[in-house]
Structures are given as C-alpha cells and as structure tokens.
Amino acid sequence: DSCRMNDFITDLLQTYRRRGILVDTNILLVYFVGLQDPKIIPRFKRTCTFAIEDFSTIVALLEFFEVRVTTSHILTEISNFIGQLPEKTASDCFDIFSKALDVLDEHQLPAQKIAANNPIFRKFGLTDTGIALLAKDKYLVLTDDLRVSHYLANTGIDVLNFNHIRELNW
C-alpha cells in the first residue's frame, strides 16, 4: 500500500532529519556526477541505472537533512568511479567533488576494525560493513542496494532503499 509506505518514509525522514543520513556510494556518485552535468547520469556506466530526475530527488533528500554522513571508503569508491569518466569530464567532476565534500560529515573507520571478527565482512566487504557499523543506532542509511538494505533492515538499522522512494508520488 503506497500510502502506508509514504507514511513510513515520511516518519523515517522526520526522525533522522537532525541526526543525519548516511549515503551509500551509488547515490553519492549520482549526486557528484549530476552536479557536473545531469545529462551524464544515464550515459555513464556507473550511473546509467539512474534517471536525470533521480538527481533532483537526491539533491532534495540531501538538502532535507542537517547532517550528511559518509565514510572514507565510500569516498574512495566514488573517486575511483569518477576516474572512469572520460578525461575532461573526470577532471571537471573531480573539481566539483573536492568542493562539494564540505557538505559531508566524513567518518573514518579503520579497515582492520571493520574486518576484525565481523561475520558480515565476508558477505558484504569493507564499504558496506563499515556502513552497517557506523549507522547502527545513529543514522538513517540511503542506498539503492537491495541486498544491503534487506540486511540492514533485518538487523534493526533504519534504511531507505532509493528504489522505493522512486515509486512514491511526492
């Protein structure tokens, strides 16, 4: 029922508006690429599952929250993906990336701490395990990764799957 889903999402957004949102790699990549030029989003292999309209939704979501959280591992992945753009586009996007970093609250979790004796590390890897550890009882997670969102929700971590947001009429 879309009304119930809409209410659920609205409640989550209000609950975490001041506390913060932890934004996963793909969503932030669309944000940074879109800041460069939204027309690149559907043409770039790393963002082609997103539409230009998704960029506007992401901007509105990020602006709604007082705190926008990321990790060093997420930023490293984004940097690597931006490097896969054509050279001039990548260079321009890196400029935007470096200037836009000040809107993010970056947390550094040592890889050793993330991986040590953590059973989910073997299933999800460094970045996603770091998200789970950092978000627990602190932040709302925004992701488009169905597997990660199911895991987080099943372990009591509040998560919004971007694909569900797309389906709603805001």
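All heavy atoms count here, side chains included; hydrogens, waters and symmetry mates do not. Because the structure is predicted, anything quoted here is derived from the model rather than measured.
- Looking at every heavy atom in both residues, Thr15 comes nearest to Arg19 through O-CD, 3.7 Å.
- In this structure, the side chains of Phe162 and Ile58 come closer than 4.5 Å at one or more pairs of heavy atoms.
- Under 4.0 Å is where a charged nitrogen must lie from a carboxylate oxygen, and between Asp105 and Arg68 no such pair does.
- We find the CG-CG distance between Leu61 and Leu160 to be 7.5 Å, quoted to the nearest 0.5 Å.
- Within the 4.5 Å cutoff, no side-chain heavy atoms of Leu22 are placed close to those of Thr70.
- The two residues Pro42 and Cys48 have their closest heavy-atom pair at O-CB, 3.4 Å.
- Contact annotation: the side chain of Phe65 approaches that of Leu140 to within less than 4.5 Å [non-hydrogen atoms, C-beta and beyond].
- Aromatic ring centres of Phe124 and Tyr151: separated by under 6.0 Å.
- Summarising the local packing, CD of Gln112 is surrounded by 12 or fewer heavy atoms from other residues, nucleotides or ligands at distances under 6.0 Å.
- Salt bridge annotation for Lys99-Asp95: absent, with no cationic side-chain nitrogen under 4.0 angstrom from a carboxylate oxygen.
- Checking Asp144 against Asn163 by side-chain atom types alone, no donor-acceptor pair falls below 3.5 Å.
- With contacts defined as side-chain heavy-atom distances shorter than 4.5 Å, the pair Asp54/Ile165 does not qualify.
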_Checking Glu106 against Ser72 for the side-chain hydrogen bond (donor to acceptor under 3.5 Å, both in side chains) test, could you report, in this order, the C-alpha distance in whole Å, the side-chain angles of both residues, the deciding distance, and whether it holds?_
CA-CA 7 Å; Glu106 179 185 354; Ser72 305; 2.8 Å; yes

